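Every chain is numbered from 1, with letters handed out A, B, ... down the list of sequences. Since we're looking at a predicted model, the values are computed, not measured. Both backbone and side-chain heavy atoms feed into the values below; hydrogens, waters and symmetry mates do not.
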Amino acid sequence: MNLKKTGILLATLTFLGACEGTNIFGGGNAGQTPDRAIEESSLEYFNTQIGDTVLFVVNQNTLTDEAKAILDAQVAWLNRYPERMVVIEGHADERGTREYNVSLSNRRAVAVKLYLISQGLAENRITSVIPYGKERPLRACSTEVCWSENRRAVTVVAGGMGNV
Amino acid sequence: MNHLKIILSAMLVMLAGLASAQERPTIEIDIDGGVIEPIPVAVPDFIPETPGARRLAGDIAQVIMADLASTGLFREIPGTAFIGSVTNFNAQPVFSDWSVVNAQALVTGSVSTGAGGRLVVKFRLFDVFAQTPIGDGVQYVGTQESWRRMAHKVADTIYSRITGEAGYFDSRIAFVSETGPKNDRRKRLAVMDYDGANLQYLTDDNSIVLAPRFAPNTREVIYTSYESGLPQVFLLNVESGQRSQLLDDATNMATAPRFSPDGTKVVMSIIEGSNTDIYEVDLSTRTRTRLTNSGGIDTTPSYSPDGSQIVFASDRGGSQQLYVMPAGGGEARRISREGGSYGTPVWSPRGDMIAFTKIRRGRFHIGVMRVDGSRENLLTASFIDEAPTWSPNGRVLMFFRETAGASGAPQIYSVDLTGRNLRRVDTPSFASDPDWSGVLR
């Protein structure tokens, strides 16, 4: 129990470190060294070891090489656990008008959806694409550090066995 | 809740007695030129003609004065400066009492209450220095519950007589009320009087809601809600609170709805695949017609007041710019031309201008331009100034301003077309996405 709490704390600290901009296109929390064994089939593994988030340049929906590498790993994982379904969320930073940003974030989410399909994920595994525009920022500050992490698409894994 | 149900019979009864209407008042304001020196106005408490009217007699005078002062065209002579008082509505005022405190215009009035909640408000407007009435006295009959609306009607008449423009005080604002931290914001639809009074929430805060727009009759609003999980367009009856999804297709995604000027159609954006295009939806049949077909994001459409054209924002040429097309679709021509990106265009109710949000070099502006894109004029600048909406007479804009930083939050502001009279509209919580109704009927 104590060990588990410590593990979460460490993961949180590592996550905050990653927000300094060292891994801008690699997504929020991908590629951390696990400080304990994480079950590979778990959501935690997908979210922290594969990476659920890819980031975008201002006003763009082009996938960077770093983003594609994460999405490739997502496809491989999802094809290992075929009962898992996903929703793709699109997001934008606050530096655009509200309705335009909804559509811009849709473009980003659809870019992720089409890439996942092109790399071998069955289309019916993606239940929906939700464009949130600037309505759900991950980070609240008004500097490029936060904006770069808010311009994102998140692959949200749902359902399937042992929703851990 | 019953605010809009109240039938306000704004009878224009010309009151007998004093001199007849002046053809040309001596006090005149040129709104276009911008007023450097606001006109000093005295609005002493109205005379209560029945015991039940005592409180309202003072409150009504205060609302009238607040309306006039909010325009920046008038300045209040405070009651503490008064040396005279008005005790008889039908007697000629002692003009020297008012000229000595430098009141240029004087408003006098009376209030009486009657059976069944009836309320009668009378007023007269005077040019103090010419010692003449400006127009005839007017009597309004309504209910005591609607006293603020009657005060706004009086202020509208005064504004109109002095400026020569239609008034706009008897109007409402639909908006999004916001609470909570920036990365977990809760949003609710709300409506209020133009001055922030009579606030009424229309939805709970369980779903994201965006950009409500009034129907021309002010009884319905159309807006975007995520209540199904996806952004979809809903119609809501302001009085009953009943709402329905505009399109019954469960997987459609739509945003940025706005009514046609005759209220029979809605124009909005539908998101399909990675594309966003503009559609018209007939409200009687709920059938949709596609109006744009570009690979870009086409959004935030707004009709011209005659219903013949639509202005919208699109990034079809790279950056987001403003375009005008025929209301039935067809070739769109770009009108924005000054550099930067443009969004949320709104056609003026007078038909002569388009208001917009402009983003340039990291700053947001509210601006206006002629409908051909000429004479661009930026009225505001800040971290985020977004989503203008026109006053019913096309002389004032409301918009929302959001401050920067982790504790940043939006508030509604108004600004007139000179850009000089910038004011925050008081709301009990954070507020965004205002939409200004027409003058109530």
Would you give the length of the straight line joining atom OH of A/Tyr100 to atom CD1 of B/Ile297, rounded to the nearest 0.5 angstrom?
4.0 Å
For each of B/Leu230, B/Asp315, B/Thr224, B/Thr255, tally heavy-atom pairs with chain A at distances under 4.5 Å, and name the one with the top tally.
B/Asp315
Other residues, nucleotides and ligands only: do more than 12 of their heavy atoms fall within 6.0 Å of CG on B/Asn293?
yes
Quick one: does A/Val102's side chain get under 4.5 Å of B/Ile271's, heavy atoms only?
yes
Interface moiety of B/Tyr342 toward chain A, non-hydrogen atoms closer than 4.5 Å:
neither
Can you pull out every salt bridge (Lys or Arg N to Asp or Glu O under 4.0 Å) where at least one residue sits in residues 71-81 of chain A? Sequence neighbours excluded, please.
A/Glu40-A/Arg80
Who in residues 107-120 of chain A is close to chain B, using a strict under-4.5 Å heavy-atom cut-off?
A/Arg107, A/Val110
Sidechain N-carboxylate O distance under 4.0 Å for B/Glu386, A/Lys134:
yes
B/Ala404 versus chain A, the contacting section by heavy-atom distance below 4.5 Å
both
Given heavy-atom pairs under 4.5 angstrom as the criterion, report whether the side chain, backbone, both or neither of B/Glu178 touches chain A.
side chain
Supply the atom-to-atom distance A/Leu104 CG to B/Thr276 OG1, rounded to the nearest 0.5 angstrom.
9.5 Å
Would you indicate whether the side-chain heavy atoms of B/Asn183 and A/Arg139 approach each other to under 4.5 Å?
no
Separation between CZ of A/Arg98 and CD1 of B/Ile384, rounded to the nearest 0.5 Å:
8.5 Å
Check the pair A/Glu135, B/Leu210 against side chain to side chain contact (heavy atoms under 4.5 Å, CB included), reporting the backbone distance first and the verdict last.
CA-CA 9 Å; A/Glu135 303 306 310; B/Leu210 312 177; 3.5 Å; yes
May I ask you to test the B/Ser269-A/Glu99 pair for a side-chain heavy-atom distance under 4.5 Å?
no
Is the charged tip of A/Arg95 near the ring of B/Phe383: under 6.0 Å from the six-membered ring centre and within 45° of its axis?
yes
Quick check on the interface: out of B/Gly273, B/Ala387, B/Gly408, B/Gly343, who has the most heavy-atom pairs with chain A under 4.5 Å?
B/Gly273
Verdict with supporting geometry, B/Lys182 and A/Ser142, side chain to side chain donor-acceptor pair (under 3.5 Å)
CA-CA 11 Å; B/Lys182 189 169 172 180; A/Ser142 291; 3.2 Å; yes
Under 4.5 Å between any side-chain heavy atoms of B/Thr300 and A/Thr97, yes or no?
no
